[in-house]
Amino acid sequence: MSKSIDQYLRKAQLHVKAGEVVQAEEVYKQVLAKFPKNRKAMLGYQKLKTPPQAPIDELISLFNSGRLREAVSLGEPLARQFPSAVILHEILGAANMNLGNSDETIASYNKVLKINPKHTDAYNNLGMVFYNQGKFSKSIENYRKAIEVEPSFADAHYNLANALKQTGDLRGAIKSYSASIAINPSDAEVLKNYGNALKDYGEFEKAIECYTQVLAIHPNQADIQNNMNNVVKQKAEITSSVKQQIIQESTTSEVAQFFYYLAILFYKMGNTKRSLENVEKSVKTDAK
């Protein structure tokens with residue numbers, strides 16, 4: 001380092017005044033590499049990483065009061081000046097997400113993850129953006145990353161379940177709804193969608209249990225009561241039909257025919273996955 005420390009520090013300050021944060025960081029790093037205990041260099045470098053509290057408070061106030069565009073206008077130059085300040089990218093991501101600015105939201109949360117690869121909220125929020133775009137594979141990928149970092153993240157399990165359901169993976173969705181409920185048993189929204197998934201999968205008893213729990217929390221939800229009534233009716237119809245089929249069938253291939261009959265019933269209910277599962281069981285049983 002041929003120049004004096006003071007010359008390097010002045011050069012760093014000139015970069016800061018010009019808004020050239022990256023260049024200022026490099027100068028401070030050079031000083032600290034040679035003189036790791038230099039207080040002025042340490043303080044200057046730290047200031048680049050941490051914005052003053054006043055603009056942060058103003059930014060949070062704008063966001064909380066719903067003045068999202070103003071929050072973005074204030075936050076963007078601050079984020080350029082303090083590129084390593086996670087809170088700035090978090091607020092910009094949340095504000096742009098509420099404004100429906102998908103590209104900007106994704107960019108902000110990717111910056112958060114570049115700084116902190118274990119930021120579970122960033123993964124979860126990215127998952128929601130991709131979900132709203134209909135990009136369910138990317139959505140699922142981000143929810144799973146959030147859960148990998150924080151297995152007790154109930155919202156991520158719930159969001160993953162919704163995304164899996166969109167791809168037709170009802171079994172996976174049910175597993176994720178169950179994981180969310182295990183963490184937060186009294187979440188009525190999760191219970192409702194869990195019940196719907198169980199109903200679609202033909203797990204009528206468990207679906208009724210979910211709807212009953214929702215009604216215990218919100219007794220006047222007519223749609224939940226209707227869903228439960230429909231499940232009870234479907235269960236009764238299938239039980240009756242299966243009993244009649246068992247009575248009628250007496251051949252050695254009775255079990256295979258039973259599975260085939262169940263496949264038809266599930267097909268009529270619109271549950272193609274369960275229908276195919278029972279067709280496979282029928283074929284395997286008949287081949288024995």
At what distance, to the nearest 0.5 angstrom, does [atom1] of [X] lie from [atom2] of [Y]?
{"X": "I91", "Y": "L59", "atom1": "CD1", "atom2": "CG", "result": "4.0 Å"}
{"X": "L215", "Y": "I208", "atom1": "CG", "atom2": "CD1", "result": "11.5 Å"}
{"X": "F153", "Y": "T120", "atom1": "CZ", "atom2": "OG1", "result": "5.0 Å"}
{"X": "S176", "Y": "I147", "atom1": "OG", "atom2": "CD1", "result": "6.0 Å"}
{"X": "R171", "Y": "I174", "atom1": "CZ", "atom2": "CD1", "result": "9.0 Å"}
{"X": "T105", "Y": "L126", "atom1": "OG1", "atom2": "CG", "result": "9.0 Å"}

_Please determine whether side-chain contact (heavy atoms from CB on, under 4.5 Å) holds for the pair Y211 and K199, giving the CA-CA distance in whole Å, both sets of side-chain angles, and the decisive distance to 0.1 Å._
CA-CA 10 Å; Y211 293 143; K199 172 178 69 68; 3.8 Å; yes

*Does the side-chain contact (heavy atoms from CB on, under 4.5 Å) test come out yes or no for V129 and N142, once each step is laid out?*
CA-CA 10 Å; V129 175; N142 279 279; over 6 Å; no

Heavy atoms only: give me the nearest [X]-[Y] pair and the separation to one decimal.
{"X": "V112", "Y": "A122", "answer": "CG1-CB, 3.9 Å"}
{"X": "M97", "Y": "M128", "answer": "CE-CB, 3.5 Å"}
{"X": "L113", "Y": "H119", "answer": "CD2-O, 3.7 Å"}
{"X": "A207", "Y": "G195", "answer": "CB-O, 3.5 Å"}
{"X": "A12", "Y": "Y28", "answer": "CB-CZ, 3.5 Å"}
{"X": "A173", "Y": "K165", "answer": "CB-N, 3.9 Å"}

*Do S180 and D187 pass the side-chain contact (heavy atoms from CB on, under 4.5 Å) test, and can you show the C-alpha distance, the side-chain angles, and the key distance before you say yes or no?*
CA-CA 9 Å; S180 183; D187 192 316; 5.9 Å; no

*What pairs of residues pass the side chain to side chain donor-acceptor pair (under 3.5 Å) test when at least one of them lies in residues 108-117, not counting sequence neighbours?*
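Only Y109-N125 qualify under side chain to side chain donor-acceptor pair (under 3.5 Å).
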
*Which pairs count as side chain to side chain donor-acceptor pair (under 3.5 Å) when at least one residue sits in residues 60-69, sequence neighbours excluded?*
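Found R67-E70.
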
State plainly whether one hydrophobic cluster holds both [X] and [Y], where clusters connect Ile, Leu, Val, Met, Phe, Trp and Tyr through side-chain heavy atoms under 4.5 angstrom apart.
{"X": "I181", "Y": "F204", "answer": "yes"}
{"X": "I183", "Y": "L191", "answer": "no"}
{"X": "I60", "Y": "V86", "answer": "no"}
{"X": "I106", "Y": "L99", "answer": "no"}

*Only pairs at least two apart or in different chains count here, so list each ring-ring contact (aromatic ring centres under 6.0 Å, His included) that has a residue in residues 123-148.*
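Sorted pair list: Y131-F136.
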
*Pick from L88, I56, I87, L92: which one makes a side chain to side chain contact (heavy atoms under 4.5 Å, CB included) with L78?*
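The single option meeting the side chain to side chain contact (heavy atoms under 4.5 Å, CB included) with L78 is L88.
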
*Result of checking L74, V72, L68 against F63 for side chain to side chain contact (heavy atoms under 4.5 Å, CB included)*: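 Filter result, single survivor: L68.
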
_Any non-hydrogen side-chain atom of N38 less than 4.5 Å from a side-chain atom of L9?_
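Side chain of N38 against side chain of L9, heavy atoms only: contact under 4.5 Å found.
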
_Between V190 and N184, is there a side-chain heavy-atom distance shorter than 4.5 Å?_
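No; the side chains remain at least 4.5 Å from each other.
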
*Between E26 and H15, does any side-chain donor sit less than 3.5 Å from a side-chain acceptor?*
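Judged by distance alone, the side chains do not pair up.
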
*So, H89 side chain and A107 main chain: donor-acceptor pair closer than 3.5 Å or not?*
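No, because the side chain of H89 does not come within donor-acceptor range (under 3.5 Å) of the backbone of A107.
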
*Any donor and acceptor pair, going by atom type alone, linking the side chain of D169 with main-chain N or O of G172 inside 3.5 Å?*
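Such a contact is found between D169 side chain and G172 backbone.
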
*Quick one: side chain to side chain donor-acceptor pair (under 3.5 Å) partners of N124, sequence neighbours excluded?*
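N124 satisfies side chain to side chain donor-acceptor pair (under 3.5 Å) with N159 only.
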
*Report the residues that fulfil salt bridge (Lys or Arg N to Asp or Glu O under 4.0 Å) with E141, sequence neighbours left out, ordered by chain and then residue number.*
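Result, salt bridge (Lys or Arg N to Asp or Glu O under 4.0 Å) vs E141: K145.
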
*Pairs where residues 117-135 contributes a residue and the test salt bridge (charged side-chain N to carboxylate O under 4.0 Å, His left out) is met, not counting sequence neighbours*: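 Output for this query is empty, none listed.
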
_Quick check on side chain to side chain donor-acceptor pair (under 3.5 Å): which of N196, N193, N162 does Y177 satisfy it with?_
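So the option named by the test is N162.
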
*asked:* With a 6.0 Å cut-off (strictly less than), is the heavy-atom count around CD of Q133, excluding the residue itself, greater than 12?
replied: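 For Q133, atom CD is crowded (more than 12 foreign heavy atoms under 6.0 Å).
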
